[in-house]
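A short write-up of the structure that comes next.
Counting starts at 1 for both ligands and their atoms, in listed order. In this text the structure is predicted, and so the values were computed from the model without any measurement. Below, all heavy atoms of this structure are taken into account, side chains as well, without hydrogens, waters or symmetry copies.
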Amino acid sequence: MDLPIDPSCVKGFLREDEGACLYRHARRAAQRGACAEIGTYCGKSALYIGTACRDSGSVLFAVDHHRGSEENQPGWDWHDPDLWDAEAGALDSLPSLRRTLRLAQLEETVIPVIGPSNVVSKAWQTPLSFLFIDGGHTMEHALNDYRGWVPHLALEGLLAIHDVFPDPADGGRPPFEIYQLALRSGGFEELEAVASLRVLRRISPS
Ligand code: SAH
Ligand code: MG
């Protein structure tokens, strides 16, 4: 893996070993078609998956409304005042994402799609070879992401989910719940687990 920029310079919530795992699986999966991630923030995961797409001649659609999740709002643990847009009175991580993509020379590989995940998923048509879910962490958002995006995953496509915490003491449950839904559906087998990242392969259609 030869990343164009140092991932530690990009704000975000992904460990280097998780990023390397994303790269490895996306590199292979992307040979079969387009990739998507739900929840991009400043582009840390997009740096790994986008580089994999670059190396495989594919593209990554990076879906995010860029207004931050609950935990990114003022007064919450993961709020970053540097990302505040005073005129909008709202968080805006898009300028930071654009900067990441420009520095990494990934502007022709990672295509930002700016809007609410459930609105975009309803209009989506392109089959996906690789899907990374790392968006809102409420049960509503996690379920929307699972139900809205997993149907677009091609057979043998890979589903990666971040922030899967089997022990509730380690973090919120919704990503773990959709991971369990995927496994219990019988449509997926687990390929790898690194920290809170899980990578599954679709083994049967829907
Ligand atoms: N993958 C990123 C981290 C994503 S953080 C990294 O590697 O660092 C979660 C992101 O999900 C936030 O940027 C937030 O704006 C976005 N998000 C939360 N709920 C969303 C929704 N319903 N639609 C679109 N984006 C959403
Ligand atoms: Mg995450």
Side-chain angles (χ1 to χ4, degrees), residues 3 5-23 25-26 35-53 60-74 76-80 82-85 88 90-101 104 106 110-124 130-149 152 159-165 170-179 193-199:
L3 293 178
I5 58 172
D6 180 353
S8 68
C9 300
V10 181
K11 291 174 196 261
F13 310 104
L14 196 77
R15 293 163 42 136
E16 289 204 13
D17 54 353
E18 294 173 324
C21 177
L22 283 176
Y23 173 87
H25 288 287
C35 303
E37 75 168 8
I38 316 307
T40 297
Y41 197 57
C42 302
K44 199 190 262 292
S45 50
L47 174 61
Y48 290 96
I49 305 169
T51 302
C53 287
L60 171 65
F61 294 103
V63 180
D64 198 311
H65 52 37
H66 288 284
R67 295 306 190 192
S69 299
E70 268 195 342
E71 62 271 23
N72 305 127
Q73 303 307 318
W76 290 67
D77 282 356
W78 303 104
H79 177 62
D80 181 343
D82 293 343
L83 299 179
W84 192 251
D85 174 345
L91 200 94
D92 188 0
S93 49
L94 183 58
S96 177
L97 171 65
R98 295 209 76 167
R99 178 167 189 273
T100 301
L101 298 181
L106 287 172
V110 179
I111 314 301
V113 179
I114 303 146
S117 163
N118 62 327
V119 175
V120 179
S121 67
K122 278 190 198 112
W124 197 260
F130 185 93
L131 170 64
F132 178 47
I133 297 184
D134 191 21
H137 284 162
T138 64
M139 199 62 216
E140 182 195 355
H141 285 126
L143 266 182
N144 276 342
D145 289 345
Y146 180 77
R147 292 183 179 144
W149 287 99
H152 298 295
L159 170 63
I161 305 175
H162 196 230
D163 303 303
V164 171
F165 298 116
D170 295 330
R173 295 289 274 185
F176 175 77
E177 298 289 346
I178 62 169
Y179 156 74
V194 174
S196 75
L197 177 69
R198 299 291 181 277
V199 182

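- When all heavy atoms of K11 and K44 are compared, the pair lying nearest together is O-CB, 4.0 Å.
- Closest heavy-atom contact between H79 and Q73: CB-O, 3.3 Å.
- Remark: of the listed residues V63, L101, D64, L101 is the sole one forming a side chain to side chain contact (heavy atoms under 4.5 Å, CB included) with P112.
- Partners of A26 by side-chain contact (heavy atoms from CB on, under 4.5 Å), not counting sequence neighbours, listed by chain and number: I49, A52, F130.
- Using a 3.5 Å distance cut-off with no hydrogens or angles, the side chains of E70 and T138 do not pair a donor with an acceptor.
- Partners of P95 by side-chain contact (heavy atoms from CB on, under 4.5 Å), not counting sequence neighbours, listed by chain and number: D92.
- By the 30° and 60° cut-offs, the orientation of the rings of F13 relative to W78 is perpendicular.
- The two residues A62 and V110 have their closest heavy-atom pair at CB-CG1, 3.9 Å.
- Between the E18 side chain and the S196 main chain, a donor and an acceptor come within less than 3.5 Å of each other.
- Residue-and-atom listing of protein N/O/S atoms under 2.8 Å from the Mg ion (ligand 2), sorted by chain and number: D134 OD1, H162 ND1, D163 OD2.
- For ligand 1, the 4.0 Å heavy-atom shell takes in G12, F13, L14, G39, T40, Y41, K44, S45, D64, H65, H66, R67, G68, S69, G115, P116, S117, D134, G135, G136, H141, ordered by chain and residue number.
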